[in-house]
Number of protein chains: 2
Amino acid sequence: MPRTPIWKSIADDLSGEIADGLYLPGDKLPTEAQLAARFGVNRHTVRHALSALVEAGTVHTRRGAGAFVAQTPTDYPIGKRVRFHQNLRAAGRMPTRQVLSFTTRLASPEEREALGLKPDDQVHAYEGLSLADAQPIAIFRSVFPATPFPDLPAAFEASGSVTAALKDAGVADYTRAWSRLTATLASATQALHLRIAEGDPLLRSDGLNVDTTGQPVELGRTWFAGDRVTLTLSEED
Amino acid sequence: MPRTPIWKSIADDLSGEIADGLYLPGDKLPTEAQLAARFGVNRHTVRHALSALVEAGTVHTRRGAGAFVAQTPTDYPIGKRVRFHQNLRAAGRMPTRQVLSFTTRLASPEEREALGLKPDDQVHAYEGLSLADAQPIAIFRSVFPATPFPDLPAAFEASGSVTAALKDAGVADYTRAWSRLTATLASATQALHLRIAEGDPLLRSDGLNVDTTGQPVELGRTWFAGDRVTLTLSEED
DNA sequence: CGAGATTCCTATACAACTAGACAAGTGATA
DNA sequence: TATCACTTGTCTAGTTGTATAGGAATCTCG
């Protein structure tokens, strides 16, 4: 008669309470010490239970911060040609962008090459997180040449939107000059942002946007969480 | 879970950006608070990373003023990697291929779905390696419906080329109906074929080819070695 | 049955990270 | 000059991650 392990019963209890809505997605669970006290077991036993929930995708943990109820993990289809947001909206997801940083700095050699800049030229670098239903989907970094758009940071500050800020700067429309795709592994910080493990696969998409006159406007690089995202290309787009 | 401490990963990121010339000697780095926001960590973690850079002599800090790139920055060696650029459109028609297997079997549910087959329908499965400069670039698996092409194996045996064999079967031309891209990790066997390490990143491309009448001809799946290959999307794709 | 291996759980210690608060120093401005 | 917002330095406290060690129950196989 195989007795059910305590950690399993704890895991069942917790996932039941989560399913009952006792803890909503994003909520913090009690600390391991509190749970250990509540169930009258060692912290390690609680950890075993929690790691089972992490494995199942029910919760996700952040060292030093706590364990949090995860959003429902699903696969997000993303079209290439269509705008990222509209695509997710169509799929019934709530798309969000979270700004991580917006700085002005010197351009790297690769950025100079792609944007056609001179050695001392500066760029605006915009980094952020793309989320769907509060689930991180991708990390992006956009780089804009600073010379043609000196007021971009201010305009971005005011409107909170890059597209709006670009419009203010006179760029009504732009098109994709090229896209390049490759696969990489998540670094520790990338994994942290995307709430995945270090070494998980990422789909990296690089692209250059140019205005109607062919002048480079934006050099973008996006890292998609490989196990959450599928990039779809269809002939119709 | 994080094999690499986050502070170390941050330190690597920052020293890489300094090496890339984003910040020149004497330049001020973003404030600890800004970096903490960008990397999504606590300020203490950023401080840990910065103190490692100070230790290494890359930057120096002044209380109340900021962190500055040291005058004698240690430029670090850039590993020159040869990257193979591959157009997604042409991906199915690589010059040098190595046949791993050519079998006829029942279709899987996914294959039935994509090719529009009935439960008992059979398919020809063609697996192989794509090579460039005698180096394995990708693993591919193509699946053809057996009913329209009963003689494909024989024709392939004779000509050694799938395109030629298809032509014999009356398919003069075909086009790509859709492509789906995602990132995965290399399994042990995949790693062996591609001569990479298990757990290295792979770029997985799924695609369906249809003939001029819209009839499915080939369902393909290709795993590109992420370290070696960049997929380029032209505007027509 | 019995010995060894495996699983389950406890216990301890330390490293990594978060959180908040306050002191000390800088730089710009009135 | 005095002030004030901002930045770095330091401190305390709490939480999760990992490593090690060991005891007890259970499973496996000769």
Side-chain angles (χ1 to χ4, degrees), chain A residues 1-14 23 26-56 58-70 100-105 153 157 186-200, chain B residues 1-14 23 26-55 58-70:
Chain A
M1 192 70 101
R3 199 176 78 241
T4 63
I6 298 181
W7 64 264
K8 202 160 202 169
S9 117
I10 294 177
D12 287 346
D13 280 8
L14 289 178
Y23 303 103
D27 279 2
K28 183 180 178 303
L29 294 181
T31 69
E32 294 176 352
Q34 289 171 336
L35 289 174
R38 169 183 157 192
F39 290 107
V41 296
N42 190 274
R43 185 164 79 95
H44 277 49
T45 311
V46 169
R47 282 185 60 71
H48 196 157
L50 283 177
S51 72
L53 296 187
V54 170
E55 187 73 17
T58 323
V59 307
H60 100 272
T61 58
R62 265 174 57 219
R63 172 186 293 210
F68 303 84
V69 179
L100 292 177
S101 72
F102 199 124
T103 60
T104 302
R105 30 148 264 233
E157 189 84 17
S187 73
T189 49
Q190 290 172 329
L192 186 68
H193 275 136
L194 294 173
R195 291 179 205 158
I196 56 179
E198 180 184 6
D200 278 1
Chain B
M1 197 180 325
R3 204 181 74 261
T4 312
I6 295 180
W7 63 264
K8 204 163 200 167
S9 163
I10 294 176
D12 287 347
D13 281 6
L14 290 178
Y23 305 101
D27 279 3
K28 183 179 176 304
L29 294 182
T31 70
E32 295 175 353
Q34 288 174 334
L35 290 175
R38 170 181 158 195
F39 290 108
V41 297
N42 192 272
R43 187 164 75 93
H44 287 324
T45 311
V46 169
R47 283 183 60 71
H48 197 336
L50 283 176
S51 73
L53 296 187
V54 169
E55 188 74 17
T58 319
V59 306
H60 67 91
T61 57
R62 273 170 49 218
R63 166 183 276 200
F68 302 84
V69 179

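Each chain gets a letter, A, B and so on, in the order its sequence line appears, and its residues count up from 1. In this text the structure is predicted, and so the values were computed from the model without any measurement.
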Exercise. Closer than 4.0 Å, any side-chain N/O of Arg47(B) to the OP1 or OP2 of dT8(D)?
Worked result: no
Seminar exercise, completed: From CD of Gln34(A) across to P of dT15(D) the rounded distance in Å is 7 Å
For this session: Quick one: list whatever passes side chain to side chain contact (heavy atoms under 4.5 Å, CB included) with Thr31(A), sequence neighbours left out.
Result: Lys28(A), Ala33(A), Gln34(A)
Exercise. When rounded to the nearest 0.5 angstrom, what distance separates OG1 in Thr189(A) from CG in Leu194(A)?
Worked result: 9.5 Å
Exercise. Would you say dG9(D) has OP1 or OP2 under 4.0 Å from some side-chain N or O of Thr61(B)?
Worked result: yes
For this session: List the steps, then state whether side-chain contact (heavy atoms from CB on, under 4.5 Å) holds for Leu14(A) with Leu50(A).
Result: CA-CA 9 Å; Leu14(A) 289 178; Leu50(A) 283 177; 4.1 Å; yes
Seminar exercise, completed: Letter by letter from the 5' end, nucleotides 18-30 of chain C scores (B base, S sugar-phosphate only, - none; protein heavy atoms under 4.0 Å) BBBB--BBSS---
Exercise. Can you check the Trp7(A) CH2 to dT7(C) P distance for me, whole Å?
Worked result: 12 Å
Seminar exercise, completed: On a heavy-atom basis, the closest approach of Leu100(A) and Ala37(B) is CD2-O, 3.5 Å
Exercise. Can you check the Ile10(A) CD1 to dT10(C) C1' distance for me, whole Å?
Worked result: 13 Å
Seminar exercise, completed: To the nearest angstrom, the CD-C1' distance between Glu32(A) and dT12(C) comes to 15 Å
For this session: Please report, rounded to the nearest Å, how far the P atom of dG17(D) is from the CD atom of Glu198(A).
Result: 15 Å
For this session: Could you tell me whether the side chain of His193(A) and the main chain of Arg38(B) form a donor-acceptor pair under 3.5 Å?
Result: yes
Exercise. For Ala49(B) and Ile10(B), which heavy atoms make the closest approach, and how far apart are they?
Worked result: CB-CG2, 3.7 Å
For this session: Take atom NZ of Lys8(A) and atom C1' of dT7(C), then tell me their distance rounded to the nearest Å.
Result: 12 Å
Problem set entry | Nearest-Å distance for atom pair NE2/C1', residues His60(A) and dG17(D) | 15 Å
